[in-house]
**Q** 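This is the structure, below, for whatever I ask next.
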Number of protein chains: 2
Amino acid sequence: MRAAATPQKRRKILPKAQRRQQLIEATIACIARYGLASTTMHMVTREAGLSVGIANLHFKTKENLLRETLRYVAEEYHKGQIEIMRGSEADNLSDRLTALLNFQLGRGVTQRQKMSVWFAYYGEVGARPVYQKIVSAWDRAAARELEFLFASVIREGGYTDIDPGELAIGYAALIDGLHLALLVTPRELTKQSAKKIGRDFLQRAFPNHI
Amino acid sequence: MRAAATPQKRRKILPKAQRRQQLIEATIACIARYGLASTTMHMVTREAGLSVGIANLHFKTKENLLRETLRYVAEEYHKGQIEIMRGSEADNLSDRLTALLNFQLGRGVTQRQKMSVWFAYYGEVGARPVYQKIVSAWDRAAARELEFLFASVIREGGYTDIDPGELAIGYAALIDGLHLALLVTPRELTKQSAKKIGRDFLQRAFPNHI
DNA sequence: CTAGAATGAATGATCATTCATTCTCAAGTT
DNA sequence: AACTTGAGAATGAATGATCATTCATTCTAG
């Protein structure tokens, strides 16, 4: 007996760029759900609703797909940050700081999925130089931008005894740590509290701005 | 022709506890070097200088070995912290804070190996509830202790407007973030700078103590 | 009509796990 | 002191499962 009505999926041909995007998103979903270690090509292609062979066609190897996925996630996160930090000429520095914090600790479920992926790769960074390169390149770019923003705030506020570079590293570390806490012990920390903690950090450094 | 002088390793029988310890340490070394994903049982047992079957004898499955290894690393790190935070009646609070910072960001190569392992597991936490349980149990214990220490400092220093619980989460997050930065972008951050950043955080919160 | 996108069964490599066999050593025996 | 013995620690070749990758074939759309 045949299974009743498998709607007989019709094969669809799409431009390369679109398929690549589709596969990268399926990879993100799988890593978030099953972990980097146990994500297989079958899972990814099934998630994308495509056949196994497609992966080879667009990415050649699994290693390539994973690398491109990391590149995608890293770029998205850091570009968002950088855009906010640069801001428009109009908005003042206080608002930019607040907007940055809201971006870094905001968003809904999507954000959680991205966080999982993010840390899955961090975990392998020690063993895979390629991952380290991708991540650290973006990290450097974001760090420079943050340092620049902090330097402006320091100048405007006339704060003394603050090194913008060091403070930027500290703030970035705090945000990373809060992400980790939200991922590992979500019961102990709400996104609200996390934001407050980030805000308090900035307030102690820039009391006139926050 | 026979290979010259393989010293013909003599089989040695040791108590269970010792072998388990040996295998856990070999697992740590392998994870740090090759990553959690690509660590195999062959690698671990070769690293330990033993045969493959030994793993089954002492841990039954790979999953068990990995779980016990995480338990071991988590326990070691958090117990060390907690011990310092409790301190002896004698030493004052300022010294305890400094000692804690030195412990968390101190040590040499060993520490780096442990850090790799630590984050390798964090990366899988999203996908493996067991890991989450182990890590979060210890995290909670350390967080309570830190909150208690901070509360003492706040009382002694008469600081107002500081919630010890929130500050503890912030400080712990900062330290985690600094570990991550040391792992991912070691070129951008020395252990010295990391310590200074941690110290600055405490100083802004407790100006009379640091 | 055809270039090339998409498929998925087949292939071969890798790896966790098993278990029949070997070896060790402490307790017992002479 | 020398020898025996058996409980169980340790071994590693063999097994079977999983998975990435391949490629002959099918299908699509301009």
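Each chain gets a letter, A, B and so on, in the order the sequences are listed, and its residues count up from 1. Nothing here was measured: the structure is a model prediction, and the numbers come from that model.
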**Q** Heavy atom of residues 30-49 of chain A under 4.0 Å from DNA chain D: which residues?
**A**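 Going residue by residue through residues 30-49 of chain A, the ones with a heavy atom under 4.0 Å of DNA chain D turn out to be A/T39, A/T40, A/M41.
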**Q** Which residue pairs satisfy the side-chain hydrogen bond (donor to acceptor under 3.5 Å, both in side chains) criterion with at least one member in residues 136-152 of chain A, sequence neighbours excluded?
**A**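 Every pair satisfying side-chain hydrogen bond (donor to acceptor under 3.5 Å, both in side chains) with a residue in residues 136-152 of chain A: A/H78-A/D139, A/R86-A/E145, A/R140-B/E188.
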**Q** Between A/Y121 and A/Y131, is the ring centre distance below 6.0 Å?
**A**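 Between A/Y131 and A/Y121, which both carry aromatic rings, the centre distance is below 6.0 Å.
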**Q** Do side-chain atoms of B/R20 reach the backbone of B/H58 as a donor and acceptor pair under 3.5 angstrom?
**A**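 A pair under 3.5 Å: yes.
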**Q** Below 4.0 angstrom, which residues in residues 55-67 of chain A have at least one non-hydrogen atom near DNA chain C?
**A**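 Close to the strand are A/L57, A/H58.
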**Q** Donor-acceptor pairs under 3.5 Å, side chain of residues 97-104 of chain B to any protein atom, not counting sequence neighbours: which ones?
**A**
| unit_1 | atom_1 | unit_2 | atom_2 | d |
| --- | --- | --- | --- | --- |
| B/T98 | OG1 | B/S94 | O | 3.1 |
| B/N102 | OD1 | B/K195 | NZ | 3.3 |
| B/N102 | ND2 | B/T98 | O | 3.4 |
| B/Q104 | OE1 | B/Y171 | OH | 2.8 |

**Q** Check for a donor-acceptor pair, side chain of A/S193 on one end and backbone N or O of A/L189 on the other, with a separation under 3.5 Å.
**A**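 A pair under 3.5 Å: no.
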**Q** Answer yes or no: is there a donor N or O on one side and an acceptor on the other, between the side chain of A/N56 and the main chain of A/G53, under 3.5 Å?
**A**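 Pair absent, no side-chain N/O of A/N56 close to backbone of A/G53.
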**Q** Starting at atom CD1 of A/I54, determine the distance to atom C1' of C/dA6, rounded to an integer number of angstrom.
**A**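 A/I54 atom CD1 is separated from C/dA6 atom C1' by 5 Å.
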**Q** In residues 121-129 of chain A, which ones come under 4.0 Å of DNA chain D, going by heavy atoms?
**A**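 Contacts with DNA chain D under 4.0 Å: none.
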**Q** Check the pair A/D176, B/D176 against side chain to side chain contact (heavy atoms under 4.5 Å, CB included), reporting the backbone distance first and the verdict last.
**A** CA-CA 8 Å; A/D176 277 349; B/D176 278 348; over 6 Å; no
**Q** So, the side chain of B/Q203 versus the backbone of B/I210: is there a donor-acceptor pair under 3.5 Å, distance only?
**A**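 Indeed, once roles are kept as given, a pair shorter than 3.5 Å links the two residues.
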**Q** Expressed in angstrom and rounded to an integer, what is the separation of B/K16 atom NZ from D/dA10 atom C1'?
**A**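 Atom NZ in B/K16 sits about 11 Å away from atom C1' in D/dA10.
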**Q** Just checking, is any N or O donor in the side chain of A/Q18 or A/Q22 under 3.5 Å from an acceptor N or O on the other one?
**A**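 No, no side-chain donor-acceptor pair sits under 3.5 Å.
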**Q** Nearest whole angstrom, please: distance from the P of C/dA6 to the CZ of A/R20.
**A**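 So the two atoms are 13 Å apart, to the nearest Å.
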**Q** Nearest-Å distance, CG (B/L23) to C1' (D/dA10)?
**A**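 Spelled out: CG on B/L23 to C1' on D/dA10 is 12 Å.
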**Q** Angle class for the B/F201/A/F201 ring planes (parallel below 30°, perpendicular above 60°, tilted otherwise)?
**A**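 Rings of B/F201 and A/F201: parallel, as their planes differ by under 30°.
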**Q** Let's go through B/I31 and B/L66 carefully: what are the C-alpha distance in whole Å and the side-chain angles of both, what is the deciding distance for side chain to side chain contact (heavy atoms under 4.5 Å, CB included) to 0.1 Å, and is it a yes or a no?
**A** CA-CA 10 Å; B/I31 292 175; B/L66 292 178; 4.3 Å; yes
**Q** Can you see whether B/E68 engages B/Y72 through a side-chain donor-acceptor pair at a distance of less than 3.5 angstrom?
**A**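 Absent: no donor and acceptor within the cut-off.
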**Q** Give me the ring orientation class for A/W118 and A/Y122: parallel if the planes are under 30° apart, tilted from 30 to 60°, perpendicular past 60°.
**A**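 Rings of A/W118 and A/Y122: perpendicular, over 60°.
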**Q** Under 3.5 Å between N/O atoms: give me all the protein pairs with nucleotides 24-30 of chain D, atom names plus distance.
**A**
| unit_1 | atom_1 | unit_2 | atom_2 | d |
| --- | --- | --- | --- | --- |
| D/dT26 | O2 | A/R11 | NH1 | 2.7 |
| D/dT26 | O2 | A/R11 | NH2 | 3.3 |
| D/dC27 | O4' | A/R11 | NH1 | 3.2 |
| D/dT28 | OP1 | A/R10 | NH1 | 3.0 |
| D/dA29 | OP2 | A/R10 | NH2 | 3.4 |

